[in-house]
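Heads up, the thing below is written out as C-alpha cells.
The residues of the chain are indexed from 1 along the displayed sequence.
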Amino acid sequence: SLNILAYIKDFFAVEQWPVGPPWFLWVLFAFNLIFALCFLIVKDVKTNFSITYLQNKPVLFCIILFIFTWLLYVPLSYNIGASNWTGFYPFDFQLNRILLYFGYFMIGVFIGKSDFNNGLFAVNSAIVKKWRLWVLLALIVFSGLTVLPEYLNEMKSAERLTAFSSSIIYFSVYTASCTLSCIAFISTFRAKTNTERKWWNSLSENAYLIYLTHFMFITWTQFFLLKFDIPAFLKFVITFIITLSFSWYTSKLFRKLNLINKYL
C-alpha cells in the first residue's frame with residue numbers, strides 16, 4: 001500500500017524538495033528585481049532600439065531568434081552539460097539555461113516597451129498570419145529530434161562523427177525545435193485571440209494561474225495512480241484531464257479575488 005506520510009517525508013527530506021516545472025519562476029522574479037534596481041539607474045537613458053520592425057519579416061525573425069537562442073544555450077550546455085543543477089531546495093536552477101532565460105527575459109522587456117497588440121505579434125503581422133506554417137515546422141523538427149540521438153550514437157560508434165560534432169548537432173536541432181515551438185505557440189494563440197469560443201477565451205484568461213497551480217495536481221494524481229496496473233498512456237490521459245480540470249477550476253476561483261485578478 002502507498003504511504004502518504006512516507007511519500008511526503010521522501011519528497012522533502014530525501015529528494016530535497018524537487019521544484020518541478022515552476023523552478024524558473026523564482027529566477028524570473030530575481031530577474032525582475034535586478035531589472036527594477038538597474039532601471040533606477042538607466043531610466044533616463046534614451047534608446048531607439050526596437051524589434052517591432054521584424055513583424056513582417058518572419059523568416060528573418062526566426063533566424064535571429066534561433067541564432068540568439070543558440071548563442072545563449074549551446075556553448076554553455078556543451079561545456080557544463082545539460083543536466084547540472086544548483087541551488088537550495090525549491091530555489092534550484094539549471095545552470096546551462098540561466099543565460100537563455102535572462103536573454104528571453106530581456107526580449108520580453110523590449111516587446112513590453114512596444115504596443116504588444118500592434119507590434120511584433122500583432123494579429124495582422126506576417127509572423128502571426130503564418131501560424132500554421134510555424135506549427136508544421138515545429139512538429140517536423142521535434143519529430144526529427146526524437147530519432148536524432150540514436151542516429152548520432154550510431155555515427156559515433158562507427159567513428160564517422162566526433163563527440164564534439166555529435167553534441168553540437170544535437171544541441172543545434174534542439175535549439176531549432178525550441179525556437180520554432182515558441183513561435184508556433186505564440187502565433188497560434190495570437191491568431192485565435194478574438195475567437196467567440198467561451199472555453200478558449202477562458203483558457204487564455206486563466207492560462208498563467210493554470211500553470212502556477214497544475215504541479216500539485218499532476219504530482220498527487222500520478223501518486224494515487226501508482227497502485228493501479230493500467231497502461232501508461234491511460235494514466236497519462238487520466239492525469240492530463242484531472243490536472244487541467246482542477247487547475248483550471250482553481251484558477252477561476254482565485255481570480256474571483258480582486259487582489260489576484262488585478263495582477264493575474
Side-chain angles (χ1 to χ4, degrees), residues 1-12 14-25 77 81-83 85 90 92 94 96-97 131-154 166 169-189 191-192 195 197-253:
S1 61
L2 300 175
N3 189 318
I4 294 180
L5 290 179
Y7 174 75
I8 294 175
K9 181 179 179 181
D10 177 78
F11 185 88
F12 288 103
V14 179
E15 301 295 332
Q16 297 187 353
W17 200 343
V19 68
W23 70 267
F24 66 89
L25 290 179
S77 296
S83 303
W85 291 71
D92 273 354
Q94 209 163 348
N96 70 313
R97 297 191 182 190
W131 66 272
R132 293 181 180 84
L133 176 62
W134 300 124
V135 171
L136 178 61
L137 290 175
L139 290 174
I140 291 174
V141 177
F142 178 78
S143 298
L145 187 65
T146 61
V147 299
L148 184 61
E150 182 178 353
Y151 174 75
L152 292 176
N153 287 332
E154 290 178 359
S166 175
I169 291 172
Y170 176 81
F171 284 136
S172 297
V173 176
Y174 178 81
T175 300
S177 177
C178 293
T179 302
L180 288 168
S181 293
C182 286
I183 300 175
F185 274 107
I186 294 175
S187 60
T188 300
F189 277 88
K192 304 297 181 180
T195 179
R197 297 185 180 92
K198 291 183 178 180
W199 68 269
W200 183 267
N201 292 329
S202 176
L203 178 62
S204 176
E205 293 167 356
N206 292 283
Y208 187 58
L209 269 175
I210 288 174
Y211 176 79
L212 291 181
T213 59
H214 84 282
F215 191 51
M216 60 180 175
F217 294 116
I218 196 172
T219 300
W220 286 104
T221 302
Q222 289 175 327
F223 174 77
F224 285 115
L225 286 175
L226 284 175
K227 61 182 179 181
F228 296 100
D229 186 18
I230 56 178
F233 180 75
L234 183 57
K235 287 188 177 183
F236 160 76
V237 172
I238 294 172
T239 302
F240 177 81
I241 293 173
I242 291 177
T243 300
L244 179 60
S245 301
F246 277 79
S247 56
W248 196 339
Y249 182 70
T250 301
S251 174
K252 293 177 71 173
L253 289 179

Is [X] reaching over with its side chain to a backbone N or O of [Y], donor-acceptor style, under 3.5 angstrom?
| X | Y | value |
| --- | --- | --- |
| Asp10 | Ala6 | no |
| Lys252 | Ser202 | no |
| Ser251 | Ser247 | no |
| Ser245 | Ile242 | no |
| Thr243 | Phe240 | no |

Using side-chain heavy atoms (C-beta onward) and a distance below 4.5 Å, is [X] in contact with [Y]?
| X | Y | answer |
| --- | --- | --- |
| Ile238 | Ile230 | yes |
| Ile140 | Leu136 | yes |
| Tyr249 | Leu253 | yes |
| Phe217 | Thr250 | yes |
| Trp131 | Lys192 | yes |
| Phe189 | Trp200 | yes |

Exercise. At their closest point, which heavy atom of Ile169 faces which heavy atom of Leu152, and how far apart are they?
Worked result: CG2-CD2, 4.1 Å
For this session: Could you walk me through whether Tyr170 and Leu145 pass the side-chain contact (heavy atoms from CB on, under 4.5 Å) test, one step at a time?
Result: CA-CA 8 Å; Tyr170 176 81; Leu145 187 65; 3.6 Å; yes
For this session: Determine, step by step, whether Ile186 and Trp134 satisfy the side-chain contact (heavy atoms from CB on, under 4.5 Å) criterion, reporting the C-alpha distance in whole Å, the side-chain angles of both residues, the deciding distance to 0.1 Å, and the verdict.
Result: CA-CA 10 Å; Ile186 294 175; Trp134 300 124; over 6 Å; no
When rounded to the nearest 0.5 angstrom, what distance separates [atom1] in [X] from [atom2] in [Y]?
| X | Y | atom1 | atom2 | answer |
| --- | --- | --- | --- | --- |
| Leu226 | Thr221 | CG | OG1 | 11.0 Å |
| Ile218 | Gln222 | CD1 | CD | 5.0 Å |
| Ile210 | Leu244 | CD1 | CG | 6.0 Å |
| Thr239 | Lys235 | OG1 | NZ | 8.5 Å |
| Asn153 | Glu150 | CG | CD | 8.0 Å |
| Trp199 | Ser204 | CH2 | OG | 11.0 Å |

For this session: Output all residues satisfying ring pair (Phe, Tyr, Trp, His ring centres under 6.0 Å) with Phe12, sequence neighbours left out; order by chain, then residue number.
Result: Trp17
Problem set entry | Pair listing, side chain to side chain donor-acceptor pair (under 3.5 Å) test, anchored in residues 172-187, at least two apart | Trp70-Ser172, Arg97-Tyr174
Problem set entry | Chi angles and distances behind the side-chain contact (heavy atoms from CB on, under 4.5 Å) call for Leu225, Phe236 | CA-CA 10 Å; Leu225 286 175; Phe236 160 76; over 6 Å; no
